[in-house]
Number of protein chains: 2
Amino acid sequence: MADAHDNRRRQILDSALALADEHGLHAVSMRALASRLGVTPMALYPHIGGKEGLLDGLVDRLLAELIPASVAPGDPQTRLFGIARAARTLARSHPSAYPLLLSRPAVAPDAVRVVDAMYSVLLDVGVPPEQVPRVERLVSTFVLGYATSEVNGRFRAGTLNPMTRRGQLSPEELPAHTALAGVLEPAPDFDAEFEADLADLLFMIKQRWA
Amino acid sequence: MADAHDNRRRQILDSALALADEHGLHAVSMRALASRLGVTPMALYPHIGGKEGLLDGLVDRLLAELIPASVAPGDPQTRLFGIARAARTLARSHPSAYPLLLSRPAVAPDAVRVVDAMYSVLLDVGVPPEQVPRVERLVSTFVLGYATSEVNGRFRAGTLNPMTRRGQLSPEELPAHTALAGVLEPAPDFDAEFEADLADLLFMIKQRWA
DNA sequence: ACCTGAACACCGTTCAAGT
DNA sequence: ACCTGAACACCGTTCAAGT
């Protein structure tokens with residue numbers, strides 16, 4: 001069912017994603033994209049419908065890359081970890097475009113397939129049907145938020161390093177930081193941390209309903 | 001210790017936030033901001049150091065509004081819910097600027113105070129010290145991600161409504177959606193959902209360590 | 001149906017100049 | 001120290017015109 005128009009649209013979105021990967025999201029302008037495709041800016045409009053439509057298309061383009069992980073077989077725990085790890089890996093492949101995933105709804109069929117896979121995992125693990133949509137939003141929000149925080153530098157040293165921090169405020173003003181002085185790491189292992197977080201969330205789900 | 005320069009800086013950031021609240025983040029341009037302050041764009045540079053510095057300043061400005069909730073007394077559970085609710089309420093007050101919280105690190109003293117309050121809650125609730133920074137990132141990532149998803153429309157009907165969804169794909173391709181046909185709500189109560197999510201996270205923390 | 005090219009109303013940031 | 005004003009190299013989108 002993919003006609004010429006759809007193919008052209010995908011071609012444009014691929015170019016836009018490449019542009020973002022190479023030069024950052026700020027470099028994805030209608031003009032730069034058109035010039036990369038050897039065309040006039042206005043030639044893009046029938047296919048992607050303006051800048052907002054382009055960014056929406058990029059979200060669908062990104063989520064489509066999670067399909068393989070979503071259809072992979074295995075027990076519920078394996079599938080949950082597989083989808084979550086794929087979602088975080090995606091952030092490393094496309095760090096500039098990734099934050100768009102939290103900034104607009106995903107409406108394409110491929111996006112719905114990923115949600116369906118998560119619903120299926122949660123049903124299989126024993127979450128009551130009426131709670132499944134809520135728990136899916138909880139887990140997907142955590143996963144997207146974590147990966148977004150990483151690529152955007154929200155966890156980086158400035159906020160994390162107790163030395164930098166404590167320079168600005170007296171220890172009495174930061175009692176918990178002071179109490180934790182011995183364990184505050186300047187550069188945590190985020191791979192291990194993400195795994196521990198997923199394990200905690202799965203623990204919660206199982207304790208509550210399994 | 002607040003000199004004239006700091007006061008001017010805060011005045012500029014207040015104006016930028018008001019501009020975002022009234023006309024959206026896209027309307028926060030150096031030129032529009034300068035014009036609102038009756039000054040030339042270049043006059044802003046010594047105070048906020050360009051567009052990126054302005055956005056970083058906005059993040060600190062937003063987090064400063066969480067200080068009252070952070071210093072409020074009470075048992076750990078009350079304080080955790082208080083900070084989390086304040087963080088979500090902040091999104092409703094400043095929906096356009098809010099997503100910046102996930103997009104850049106917070107470095108100002110006020111931001112560190114909020115983290116310290118969360119550390120204190122987690123220590124009081126029984127989380128082992130070496131796990132506190134990780135669990136703080138887990139909880140804060142969920143809270144910021146959830147509120148960001150809400151204001152950005154990631155949870156909105158297009159993605160959620162099973163009718164809209166199922167129109168694009170056959171039921172056989174979405175087995176879990178089909179199984180959940182009776183419980184998929186077109187417009188969930190996000191206030192109640194957020195409360196339930198917080199309760200689940202606190203349940204997890206207590207079950208694991210209390 | 002699809003694309004062009006000129007035009008309009010904007011951007012962020014530089015630089016040299018003023019006080 | 002703080003601000004101005006002109007200039008440079010960009011934006012997204014409109015419109016009328018071409019094929």
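Side chains included, hydrogens not; waters and symmetry mates left out as well; all remaining heavy atoms used. Numbers restart at 1 for each chain; the letters A, B, ... are given by sequence-line order, proteins then strands.
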note = Counting primed atoms, P, OP1 and OP2 as sugar-phosphate and everything else as base, the B/S/- map of nucleotides 8-19 of chain D against protein heavy atoms under 4.0 Å is ---BBBBB----
From Glu195(A) atom CD to Arg85(A) atom CZ, the distance as rounded to the nearest 0.5 Å = 4.0 Å
query = Are the side chain of Thr148(B) and the backbone N or O of Gly145(B) linked by a donor-acceptor pair below 3.5 Å?
reply = no
ask   = When the ring planes of Tyr146(B) and Phe190(B) are compared, do they come out parallel, tilted or perpendicular, using 30° and 60° as the limits?
value = perpendicular
inquiry  = Any donor-acceptor pair under 3.5 Å linking the side-chain atoms of Arg154(B) with those of Thr141(A)?
reply    = yes
note = Rounded to whole Å, CZ of Arg9(A) lies from C1' of dC2(C) at a distance of 17 Å
inquiry  = Within the 4.0 Å heavy-atom criterion, would you say His26(B) contacts the bases, only the backbone, or no part of the nucleic acid?
reply    = nothing
key: C1' gap between dC15(C) and dC3(D), integer Å   = 14 Å
query = Atom CG of Leu37(A) to atom P of dC2(C): distance rounded to whole Å?
reply = 15 Å
Would you mind writing out the side-chain donor-acceptor pairs for residues 48-59 of chain A within the sub-3.5 Å range, not counting sequence neighbours?
{"from": "Lys51(A)", "atom 1": "NZ", "to": "Val28(A)", "atom 2": "O", "distance (Å)": "3.3"}
{"from": "Glu52(A)", "atom 1": "OE1", "to": "Arg104(A)", "atom 2": "NH2", "distance (Å)": "2.6"}
{"from": "Asp56(A)", "atom 1": "OD1", "to": "Arg104(A)", "atom 2": "NE", "distance (Å)": "2.8"}

request  = Write down the distance between NE2 (His47(A)) and C1' (dC3(C)), rounded to a whole number of angstrom.
outcome  = 10 Å
key: Proximity to the side chain of Thr40(B) - top-ranked nucleotide from dT4(D), dC3(C), dC3(D)   = dT4(D)
Pairing nucleotide - dA6(C), Watson-Crick or G-U, each distance under 3.5 Å = dT14(D)
query = Does a side-chain N-to-carboxylate-O contact under 4.0 Å join Asp110(A) and Arg61(A)?
reply = no
inquiry  = Please report the distance, rounded to the nearest Å, between CG in Asp6(A) and P in dC2(C).
reply    = 11 Å
